[in-house]
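What follows is one structure encoded as structure tokens, with my remarks underneath.
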Amino acid sequence: MAEILLEDVNLKFRVRQSRRTTLKEYLVRGLFRKSVNPFTEVHSLKDVNLRLVDGDRLGVIGHNGAGKSTLMKLVAGIYPPTSGYRTVHGNICSLFDIALGFESESNGWDNIYYRGYLQGENPKTIREKIDQIAEFSELGSFLDMPVRYYSAGMLVRLAFSIASAIQPEILLVDEVLAVGDLSFQMKARKRMTEMMKTARLMMLISHDLETLPGLCTKVAWMDHGVVRMVGPTEEVIQNYRASVHPVKKVA
Ligand SMILES: Nc1ncnc2c1ncn2[C@@H]1O[C@H](COP(=O)(O)OP(=O)(O)OP(=O)(O)O)[C@@H](O)[C@H]1O
């Protein structure tokens, strides 16, 4: 059974307000101040409680900076919670930030293996899938070249082809995922739709409120790091819409 359980989850980032301090600034100003460039905290997830089980398809909506991507990355295990508990049962396929983390000096084939291992594959299962991954990527002989020579679009093609080659129990999708040129986008969207249907559990970040009812069984509305509302898709979307005030026209 697939399950995601978040209990009283908080996530805080420690960030510096401004650029790095030069050695000169550090030595001169540091004599007079405690810290020239102190850390500040960004409280990105606040007391989040969420339980998703088999069959759930959750849309995640909210303003820019509300914490949607952070929530998804926490579920994926990329960020550990600062406090609270994250429990996930089921293998995860994350379709966001997919072009990050390639071995730039290695060729496409080797990167398929490296990524495959990270996705829980073994040499045998990768060998079974590698032709299909290569074919889907349409990269042909570029797969023999180190990936540092790939264009941004080529990297995304390879990343998507690998990530989507597994049959996940839990699918995490950020809808702003840009996957290559128009023809590849259409192919990728088709595959993503198939994966959405077969995954046991899905989370989808989207700003497209029109398509969510067709894809999701429920929606979480994030607002400044808080899950403001979780519930039936139409009801949550309606409340979110009502909270967004139209910009007043200047006479
Ligand atoms: N790695 C990080 N380091 C520091 N702060 C971060 C980091 N990632 C996110 N944040 C902060 O956490 C908050 C939530 O960001 P997040 O990317 O989750 O928002 P979002 O709802 O996905 O926004 P958008 O709709 O614009 O994609 C923001 O204030 C952001 O600045």
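Start at 1 and go down the list; that is how both ligands and their atoms are numbered. This one's a predicted model, so the numbers in the text were calculated from it and none came from an experiment.
Residues Ile170 and Arg200 fail the side-chain proximity criterion, which asks for heavy atoms closer than 4.5 Å. For the pair Arg57 and Met196, the minimum side-chain heavy-atom distance is 4.5 Å or more.
Of all atoms in ligand 1, listed by their number and element, those nearer than 4.0 Å to a heavy atom of Ala66 are 19 (O), 20 (P), 21 (O). Heavy-atom contacts of Tyr79 reach the following atoms of ligand 1: 1 (N) (cutoff under 4.0 Å).
The distance criterion of under 3.5 Å between nitrogen or oxygen atoms is met by Gly67 with respect to ligand 1. The shortest N or O to N or O distance between Gly65 and ligand 1 is under 3.5 Å. Here's the thing with Gly62: none of its N/O atoms is less than 3.5 angstrom from an N/O atom of ligand 1.
Contacts with ligand 1 closer than 4.0 Å are made by no heavy atom of Phe96, backbone or side chain. Under 4.0 Å from ligand 1, not a single heavy atom of Met222 appears.
The one candidate from Val75, Leu52, Asn49 that meets the side-chain contact (heavy atoms from CB on, under 4.5 Å) condition with Leu6 is Val75.
Within a 4.0 Å radius of atom 9 (C) of ligand 1, the protein contributes one or more non-hydrogen atoms. Taking a distance limit of 4.0 Å, we find that atom 31 (O) of ligand 1 is approached by no protein heavy atom.
Within the 4.0 Å heavy-atom shell around ligand 1 one finds His63. In this structure, His207 has a heavy atom closer than 4.0 Å to ligand 1.
Here CD of Gln185 is found 9.5 Å from CE of Met192. Values are rounded to the nearest 0.5 Å.
Partners of Asp144 according to the side-chain hydrogen bond (donor to acceptor under 3.5 Å, both in side chains) rule, which considers only residues two or more places apart in sequence or in another chain, are Trp109. The ring-ring contact (aromatic ring centres under 6.0 Å, His included) search around Phe184 returns Phe136, not counting sequence neighbours.
Among Asn64, Asp174, Asp223, the residue whose heavy atom lies closest to atom 26 (O) of ligand 1 is Asn64.
Here the protein heavy atom with the shortest distance to atom 5 (N) of ligand 1 is Phe13 CD1, 3.4 Å. Residue, atom and distance of the protein heavy atom nearest to atom 13 (C) of ligand 1 are Ser44 OG, 3.4 Å. Closest to atom 21 (O) of ligand 1 among all protein heavy atoms lies Lys68 NZ, 2.8 Å. The closest protein non-hydrogen atom to atom 15 (O) of ligand 1 is Thr70 OG1, 3.6 Å.
Centroid-to-centroid, the aromatic rings of Phe102 and Tyr150 stay 6.0 Å apart or farther. Ring centroid separation for the pair His224 and His43 does not come in under the 6.0 Å cut-off.
Note on Glu121 versus Lys129: salt bridge recorded, some NZ/NE/NH1/NH2 to OD/OE distance being below 4.0 Å.
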Next item on the list: Report the C-alpha separation of Arg157 and Ser137 in whole Å, then their side-chain angles, then the decisive distance to 0.1 Å, and conclude whether the side-chain hydrogen bond (donor to acceptor under 3.5 Å, both in side chains) test is met.
Entry: CA-CA 5 Å; Arg157 272 171 182 250; Ser137 75; over 6 Å; no
